[in-house]
> 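Please read through the structure below; I'll follow up with questions.
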Amino acid sequence: MSTARTVMSDTVFSLQGKSVWVAGHRGMVGSALVRRLQSEECSVLTASREDADLVRQEEVEKWMTANRPQVVFLAAAKVGGIQANNSYPAQFLYENLMIEANIIHAAFRTGVEKLVFLGSTCIYPKLAPQPIPEEALMTGPLEPTNEWYAIAKIAGIKLCQAYRRQYGSDFIAAQPTNLYGPGDNYDLETSHVLPALLRKAHEAKISSAKTLTVWGSGNPLREFLHVDDLADAVVFLAKHYSGDSHINVGSGEEVSIRGLAEAICKVVGFDGALEFDASKPDGTPRKLSDVSKLQDLGWANARSLNEGLKQTYAEFAAGGPLPRSG
Ligand code: GFB
């Protein structure tokens with residue numbers, strides 16, 4: 001176990017004997033949650049797209065009424081890296097709004113006892129104070145490359161708060177930082193930076209290339225968390241947290257994109273030069289979450305980025321998380 005628990009706060013909700021729906025179980029986050037829930041005494045429910053198309057309200061209500069989950073982890077979402085967010089604004093806004101509104105409303109109607117909504121740190125203003133506290137939400141303009149996704153995720157947080165306020169529903173929201181790990185998207189057009197650079201470095205090594213191209217200036221700062229650690233934190237929050245405020249989930253470790261590229265090249269064993277493509281956007285200059293609320297509850301990340309990179313590259317090179325298109 002790579003997570004370090006400090007002072008454990010009281011259990012406010014028990015998963016024991018519960019029927020737990022992981023919405024989005026085929027995605028990177030959803031599949032990590034399914035893995036993590038194997039060590040809880042609960043039964044895990046999943047729904048394929050044929051069972052219920054999550055952007056269709058009627059299908060979601062029908063499936064939830066028939067299957068009656070007591071707990072919902074809402075990990076279903078349209079996701080992607082900086083270029084995908086920038087290229088498909090309608091899909092990022094519409095699909096995410098529909099999925100979360102349908103599931104949260106149906107969870108209320110079917111009497112779900114606990115729901116955990118998964119957001120993203122891109123909900124925060126582009127120039128938020130660093131590290132970013134939960135209170136920074138809606139205090140300034142968003143980063144333009146991902147404002148569509150951010151608006152949808154902010155609406156998800158607000159839905160949880162509104163149903164809690166109006167109906168007393170125990171719906172909470174967790175805001176993960178940039179994630180990586182098994183099941184990631186390795187498509188170079190739509191992926192996030194970490195899988196993209198891992199793949200580029202691997203292919204550059206195999207082809208004995210002299211250079212590796214990194215998008216943007218290399219200066220932006222990012223924080224990365226392994227998806228299995230995120231899943232552990234989210235299950236922890238389900239059991240130990242009930243409240244109005246969303247909670248940040250991050251590693252607390254910050255690295256520049258250049259630093260990440262260098263670390264990846266070292267892990268992969270590619271010793272060529274880095275080239276920076278200024279025609280690609282940098283996005284948010286800095287994004288480090290303030291994880292003090294999560295730590296006060298009793299959860300802290302213990303896996304270093306370097307450790308996570310080594311593990312992820314070993315899996316990638318072994319053909320584990322097969323590259324898939326976005
Ligand atoms: O991970 P990423 O795509 O998204 O890009 P964000 C992070 C940074 O890495 C940007 C740079 O400064 C990119 O310019 N970068 C360098 C690269 N090389 C590459 C590359 O080959 N591929 C990619 N993708 N980036 C996302 C949001 O923002 O963060 C999402 O768009 C979500 O909505 C996610 O919130 C967590 O970190 O900029």
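When a ligand or atom number is given, it counts from 1 through the structure's own listing order.
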> Supply the atom-to-atom distance Ser245 OG to Glu135 CD, rounded to the nearest 0.5 angstrom.
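The distance works out to 6.0 Å.
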> Are Glu253 and Ser304 linked by a side-chain donor-acceptor pair shorter than 3.5 Å?
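No, Ser304 and Glu253 have no side-chain donor paired with an acceptor closer than 3.5 Å.
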> Over all heavy atoms of both residues, which pair between Tyr149 and Cys122 is shortest? Give the atoms and the distance, please.
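Between these two residues, the closest heavy atoms are CD2-SG, 3.3 Å.
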> Just how far is it from atom CD of Glu41 to atom OG of Ser14, taken to the nearest 0.5 Å?
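These two atoms lie 8.5 Å from each other.
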> Do Tyr124 and Asn248 pair up side chain to side chain, a donor and an acceptor below 3.5 Å, judged on atom types alone?
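Per modelled atom types, Tyr124 and Asn248 side chains form a pair under 3.5 Å.
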> Could you tell me the separation between the OG1 atom of Thr110 and the CG atom of Asn67, rounded to the nearest 0.5 Å?
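With rounding to 0.5 Å, OG1 (Thr110) is 10.0 Å from CG (Asn67).
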> Between ligand 1 and the protein, find all N/O pairs closer than 3.5 Å and give the distance for each.
from	atom 1	to	atom 2	distance (Å)
ligand 1	1 (O)	Val193	N	2.9
ligand 1	3 (O)	Ile82	N	2.8
ligand 1	12 (O)	Asp282	O	2.5
ligand 1	14 (O)	Pro281	O	2.6
ligand 1	18 (N)	Trp215	N	2.9
ligand 1	21 (O)	Lys200	NZ	2.7
ligand 1	24 (N)	Ser191	O	2.9
ligand 1	29 (O)	Lys287	NZ	3.3
ligand 1	31 (O)	Asn85	ND2	3.1
ligand 1	33 (O)	Asn85	OD1	3.1
ligand 1	33 (O)	Asn85	ND2	3.3
ligand 1	35 (O)	Ser120	OG	2.8
ligand 1	37 (O)	Asn178	ND2	2.9
ligand 1	37 (O)	Arg222	NE	2.8
ligand 1	37 (O)	Lys287	NZ	3.4
ligand 1	38 (O)	Arg222	NH2	2.8

